[in-house]
Amino acid sequence: MTPFEPVLTKGLGEFDLADIDVYESRGGFSALRKALREMTPDAVVSEVSASNLRGRGGAGFPTGKKWSFLPKDGRPRYLVCNCDEAEPGTFKDRMLLEKTPLQIIEGLLISAYAIQANEIIMYIRGEFLEGFRVFKNALDAVRSRGYVGDKVAGSDFSIDILLHRGAGAYICGEETALLNSVEGKRGEPRLKPPFPANAGLYGMPTVVNNVETVAFVPHIITRGAKWFASIGPSSSPGPKIVSVSGHVQRPGNYEIPLGISIRELIDEYAGGLRPGRRVKAIQPGGGSSAAIFEEDLDTGYDYESLAAKRTMLGSGAVVVMDDTACLVRSSMTLVRFFEKESCGQCTPCREGGQWVHRLVARLEAGEGTDADLRILNTINTTITGTNLCPLGDSIMPFLSSVLKRFPDEFAAHVKLARCPLGAGSSESAA
Amino acid sequence: MAKKTPARPNVKVVIDGNEISVPEGTLVVDAAKVIGTHIPVYCSHPKLDPAGLCRICLVEIEKMPKLQIACATRVTEGMVVHTSTARVAEARRGVLEFLLLNHPLDCPICDKGGECDLQDYTMSYGAGASRLTEPKLHKPKRVDLGPTIVLDEERCILCRRCTRFDDEIAQERNLIVAERGHKSLISTRDGGGYRSYFSGNTTEICPVGALTSKAYRFRSRPWDLGRADSVCTQCSVGCNFRIDTRFGHVMRTFTRENPEVDDGWLCDRGRYTFNYMYSPARLRQPLVRRDGEHRPASFDEALAYAAQRLGAAAAAGKVGVIGGGRLSDEEAFALQTFAREVLGTNNIDYRTHIQRFASPARFGASLADIDDADLVLVFGTFTPEQAPVLDLRLRRAVARRGAKLMHIGPYKPDYPVAVQHVEYPPGAIAELMEQLADTVHHGREESGDGFVADIAQQLVDAEKIVAIHNGRNVAGAASLERLMETLARYDHQVGILVVGAMGNARGAEAAGCVPNLGPGYAEVHGAPGMTTTQMLAAASSGELDALVVVGANPALTGADGTLARAAFERVGFLMAVDLFMTETASHADVVFAAASFAEKQGHTTNLEGRRQAFVQAVEPPVGVYTDSQILASLATALGKPNAVRADADELFVDLLAAEARAMAARPKDAPLPRPSIAEAPSSTADQVDATHRRLMICPIPHLYAGGGAAAHDPGLAEMRPKPYAVFSIADASRIGVVTGERVRLSGPGGTIEVEARVGDQAPVGVALVLADMPEAPENKLLEETGFGWATVEKVAQAREASA
Amino acid sequence: MTPAREAKGKALVAAHHDGQSALIPFLQYCQEEDGYVTPAALDDAATLTGLTRGEVESIASFYSLLFQRPIGKHVIQVCRTLACMLGGADELRAHAKARLGVTDGGTTSDGMFTYEEVECLAACDKAPCLQHNLRYHYDVTPAEFDRLLEQWKRERPDAAMPAE
């Protein structure tokens, strides 16, 4: 196992990191004080840029660069924290929210200072009611200690955090949809350009950062950009919390140095497969990512290596399917997900996504035809790459990848009119 | 300050190998039009913000790996665009396949067939056959969306043009998208009716047959339609439209986009008011009253009778002519010619409403001036009811460009965009304008009154100011001009629009249908004649023996209805020319049946003073003639065969010549003369009664009020209001009435019974009464000033009192 | 609007950037009070925020945790996405529906339990999982579901969808 000391999850499980006394006794808020007292906002931006931290929500955009896009035009600025985690297979942000809310808050405060934000909005997925309550308590404690509000930690910087609960829509994880939701509108993505840096919340310069991303900021301040950049591959360094689930013995969140092999991740961290089983397919980067297969196990788990395998790291959610998994049914859960969560604005996602679900559902139920397979094999080019936002582009990748790799499994559903693995149909089970 | 858009430099762009130069930031879809390339679009519309929803406009742009939507991508220097590559073709085919997937095969019964963008683009860019092998998904069909529209959710492609129109243009936000994903539906507030004066526009901008007009459903196919370019005459905005006919029958109207007037929109009154032409109540032959009853007569019989009586009255110098505001420019000219050359009188007046003049003497504005105004002052009129498409410009200026809008007057109705209400007694507007002019000139310190200083400050802060009023208050208009003059001296841009009470009020005025002015505002020969009010008073007292009323209905619309009705009852001879048996025509001794606007050609002049031509769309029914034909025949019967021409073209030539002469005789840039105003008897009708025993009656307009076309068009029946009056909460308490109960308003001239509505739209002491409703004519209560008094009782009480 | 609701609404508007930004929190509050988002709550929201009633409906109908139909005192939401499916969610779903006698989205005839099949709840390591009144339950086998159901039947929850 590659030696590595956890950063975000250090002490988790052992200590109550939601308790402000515990958090402070372990060095909490010292990074905030350092940033406020010893660094200018621009210096903080430079440090984060130098660290090469990439957004941990799924898009992987360099954080420092995103911060530097804000125009210096005097308009009010917003820092919005995206805790709308809903990508299938991802459960790291919920853990951070429930278990180390103070780390998130400290990261938000430093980030807000860096970009000179006027307000922080913390957007918490509606289903995360428990996490919302934990975070709110933590925020109250932080406020009573003077770290939030007027003159943070005795400095000239004043900032407050507004909590906003989502109301049930995966698409609100897309940054412009999230902004619309905060504004009290339908959570539908906006056309880009303009980008949030110029016209974000209420049309003002805005940065949207993922929870995990901001949680790294205090550590980068304390230990330096060089330290962060030295972990893992230089182009996408740092630790990453990976959510591992599916057919592994120890599913869970694991903080790893980016770049370790997927094999190490599954075997060393997640306890490996169940006895006697083999890897059939792995979805390495959340529900929008294409599958990789047994021959890919030695690929490094990092942004570039996965991109080279024509998939992506995405939100850092690894779902393992062993040889007992029916890939048609697995695909079906995903296309059904995207149909349900489509906002409905644009044609290919709305109409095409619904059609693909109907086709795959019939296949899965044993009512599919060869014509259906031909459609699924050709529909990729008109659904993918033609949409207003990434959701539409997420419908096909997994399905296309497993269809290409396991065409016989799909064909068998047609020929046998049921799953060759004897899995039965999802809906007939239901 | 309202936002201004700065000019942009041109950039070089290559589209399909053609190099063009267009302003930077032009949308690719618009840039392509420069070379005549039409990129297919659904959600994109030139008047709506880019939405990027339908994805059919995807094109290839070099240096961008993914296809880009042409409707929302803006050109930059050196951009190279390809609109018809294989990749683009496949993308279009894909989008069409997805749209057609669950789209119902309704073409044979869908009104849009033949003018449907889905049909057209499928033919051009779609695949030949569907790959769907399962049942199509169903959604609600035939959703009754309100008085005018039917919605078919299955046909809807969710381009959202309709909801975006309702949001960005009409600003009413009653059409919404409900649910999400492929379950999305177009809906209305709580699933109820789509009530808007602009609903019909959605049927035009809907690219498919999802939104269809009830008035046109299942009635025609576009390839059967003849088209006539026409101008709407229902109000004084003069929207350009097209009258579509099938086998000589009017089927529908359609916008004929004029960016300077209607900008591509129509209001529902203009769009849907044409079936009155086929109403059984329409007059189709002359009527002559004998023994108290109207009986059909031949044209010659009616002509002879009228000529005999009018000839006698004219010889005695005791005849008057009322009308012109609902005629074309040519016919208004013919009418004044008839009065002056044939009847030998200057007693002619088009003013049959409270409006006294139709043009601003100076500082005339254009409709486009509203677009970049910083401040718009409105008084005496409520533009959503009296000039709806003008109001769309106002709403846009307020909501999109930050223009300030101010309503000055007693009426505070709900309004879709931000408006500042300045409650002010209607008769005293002149005083306010004077104070404002003084304050602007001398500075804020001069003004003692808080809100006057506030308005003055807003004027001073505004670079461009437009004032809109109803041409009723002469003193007010003069003071307004003084205010505008003061502002202009301080380098503000200013403009005035006078909303006409009738479609062609301004044209009638300019053609000489006024007692003291001839065509082109020329001075008349001899002493000026009587105004409408004077003629009615004179007819009442026997001073006039005969009246001719052409296309007018003073019994209903006149300021003093009591006087009008008395005049028509007592006058020796009354001749009316109209399409219906109006309140006025019912008193007439001879009634001639007139042709409607669709049945003749000519010109009409809108409130800007813009003259616009309209073409004949259909033939009038046999036996029905145009007003000019009737007047020409009458002239002949009166012994002056060439005095009035029947033909519109010939009349137009004569009118232009007369106008040219008038203009030559007038100094350049001189303000337009005003029509003469009779001195109104002094009245306290525009002051609130402090004892609360009586309420001041203030008429309020409604788009669908009226006694002519609007009352007889079956398509408008559902939209006609029931007569009502609005009371303040304090007054309602005193009367003892709540919304929905009936009240009786009694004045010296008569009594009307209406439904009460209680709210804060009405000031204390004022009852706002719906105007021009034949069932309850408010002008029974009005004096010539246009205001009046009434005592108000709840109807149950009134019945008790009389028991 | 009751005075209490109006006060709460105004407080929310004051705490947010503008009226519309307070819309969803306000609707969540009304939903907690009334059990679901009633037509009256939609009207109140329109009054409070200055939006039209239609706009409020359009926005509310977008979000799956805002219910514009009456729901039970208990709302059971079972995840059906990939990891939970791999962990046995399909069997759980069949079992739950049979046990409750409802289909997806339905409410039991006594009005107590509303059952919904939902998408990834971010508890994939403890699949299959469900939420009961927005509280997580993990590793829910059919037997575990039966146990939980008995427990819930004895509970009197304050609100199915708490606002905070």
Side-chain angles (χ1 to χ4, degrees), chain A residues 85-94 119 125-130 132-133 136 162 164-170 181-188 201-202 243-247 250-253 283 287 317 319-321 325 329-330 332-334 336-337 340-341 343 424 426-430, chain C residues 15-28 31 49 51 55-56 58-66 77 79-87 89-98 103-104 117-127 131 133-136 161-164:
Chain A
E85 180 177 67
E87 188 69 44
T90 322
F91 46 98
K92 60 178 176 79
D93 293 338
R94 184 165 80 89
E119 193 178 10
R125 182 175 165 185
E127 288 85 345
F128 295 174
L129 180 64
E130 178 67 24
F132 173 85
R133 290 171 172 167
K136 186 153 181 288
L162 177 70
H164 188 104
R165 269 189 74 213
Y170 157 83
S181 186
V182 172
E183 292 182 15
K185 299 173 180 161
R186 291 167 65 88
E188 293 167 341
L201 196 58
Y202 311 115
S243 304
V244 185
S245 65
H247 292 148
R250 284 201 309 267
N253 283 314
Q283 192 171 46
V319 180
V320 177
M321 283 151 271
R329 189 187 278 201
S330 299
M332 207 238 346
T333 67
L334 292 170
R336 180 177 59 193
F337 169 85
K340 176 92 178 278
E341 299 294 340
C343 77
S426 165
E427 293 313 311
S428 71
Chain C
H16 285 78
H17 182 266
D18 56 20
Q20 186 159 5
S21 302
L23 173 65
I24 293 168
F26 180 71
L27 290 175
Q28 288 168 327
Q31 177 167 257
T49 60
L51 299 168
E55 285 175 290
V56 172
S58 167
I59 297 159
S61 67
F62 183 84
Y63 295 97
S64 57
L65 291 182
L66 292 175
Q77 293 167 313
C79 176
R80 63 180 186 184
T81 322
L82 182 57
C84 280
M85 181 281 286
L86 294 170
D90 290 346
E91 287 70 35
L92 170 63
R93 288 159 54 210
H95 178 84
K97 281 184 282 199
T103 52
D104 180 15
E117 295 178 351
V118 297
E119 304 297 338
C120 185
L121 288 171
C124 319
D125 55 341
K126 305 186 181 73
Q131 284 199 312
N133 292 358
L134 295 183
R135 278 207 142 82
Y136 282 92
M161 289 281 130
E164 283 197 327

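Keep in mind it's a predicted model, so treat the numbers as computed, not measured. Just so we're on the same page: letters track the sequence lines, and every chain starts at 1.
The structure places CG of C/L86 at 7.0 Å from OG1 of A/T333, a figure rounded to the nearest 0.5 Å. The CZ atom of C/R135 lies 15.5 Å from the CD atom of A/E127; values are rounded to the nearest 0.5 Å. Distance check: C/T81 OG1 to A/M332 CE gives 10.5 Å after rounding to the nearest 0.5 Å. C/L51 CG to C/I59 CD1: the interatomic distance, rounded to the nearest 0.5 Å, is 5.5 Å. Note that SG of C/C79 is 5.0 Å distant from CG of C/L121, once rounded to the nearest 0.5 Å.
Ranked by heavy-atom pairs under 4.5 Å with chain A, the list C/Q28, C/H17, C/Q131 is led by C/H17. The candidate with the highest count of non-hydrogen atom pairs below 4.5 Å against chain A, out of C/S58, C/A60, C/A98, C/C84, is C/S58. Contacts with chain C were tallied for A/E85, A/E130, A/K185, A/H164; A/K185 has the most, counting heavy-atom pairs under 4.5 Å. Ranked by heavy-atom pairs shorter than 4.5 Å toward chain C, the options A/G184, A/P88, A/S330 are led by A/G184. Ranked by heavy-atom pairs under 4.5 Å with chain C, the list A/G166, A/G89, A/G187 is led by A/G187. If you tally non-hydrogen atom pairs under 4.5 Å between each of A/K92, A/E188, A/E119 and chain C, the highest count goes to A/E188.
Donor-acceptor pairing under 3.5 Å is recorded for the side chains of A/S243 and A/N253.
Heavy atoms closer than 4.5 Å to chain C are found in the side chain of A/R133, but not in its backbone. In this structure, the portion of A/E341 lying under 4.5 Å from any heavy atom of chain C is its side chain and not its backbone. With a 4.5 angstrom heavy-atom cutoff, A/K136 touches chain C only via side-chain atoms. Using a 4.5 Å cut-off between heavy atoms, C/A123 touches chain A through backbone and side chain atoms alike. Only the side chain of A/K340 comes within less than 4.5 Å of a heavy atom in chain C; its backbone stays farther off. For A/R125, the part lying under 4.5 angstrom from a heavy atom of chain C is the side chain only. Contact of A/F337 with chain C is made through backbone and side chain together, with heavy-atom distances under 4.5 Å. Heavy atoms of A/Y202 lying under 4.5 Å from chain C belong exclusively to its side chain. In this structure, the portion of A/T90 lying under 4.5 Å from any heavy atom of chain C is its backbone and not its side chain. Within the 4.5 angstrom heavy-atom criterion, only side-chain atoms of A/V319, from C-beta onward, approach chain C. Contact annotation for C/L65: both backbone and side-chain heavy atoms come within less than 4.5 Å of a heavy atom of chain A.
Using a 4.5 Å cut-off on side-chain heavy atoms (C-beta onward), C/H16 and C/P25 make contact. Contact annotation: the side chain of C/E119 never approaches that of A/Y170 to less than 4.5 Å [non-hydrogen atoms, C-beta and beyond]. In this structure the side chain of A/S181 reaches within 4.5 angstrom of the side chain of C/I24, judged on heavy atoms.
Of all heavy-atom pairs spanning C/A163 and A/R165, the tightest one is O-NH1, 2.8 Å.
The aromatic rings of C/Y136 and A/F128 sit tilted, their planes meeting at an angle between 30° and 60°.
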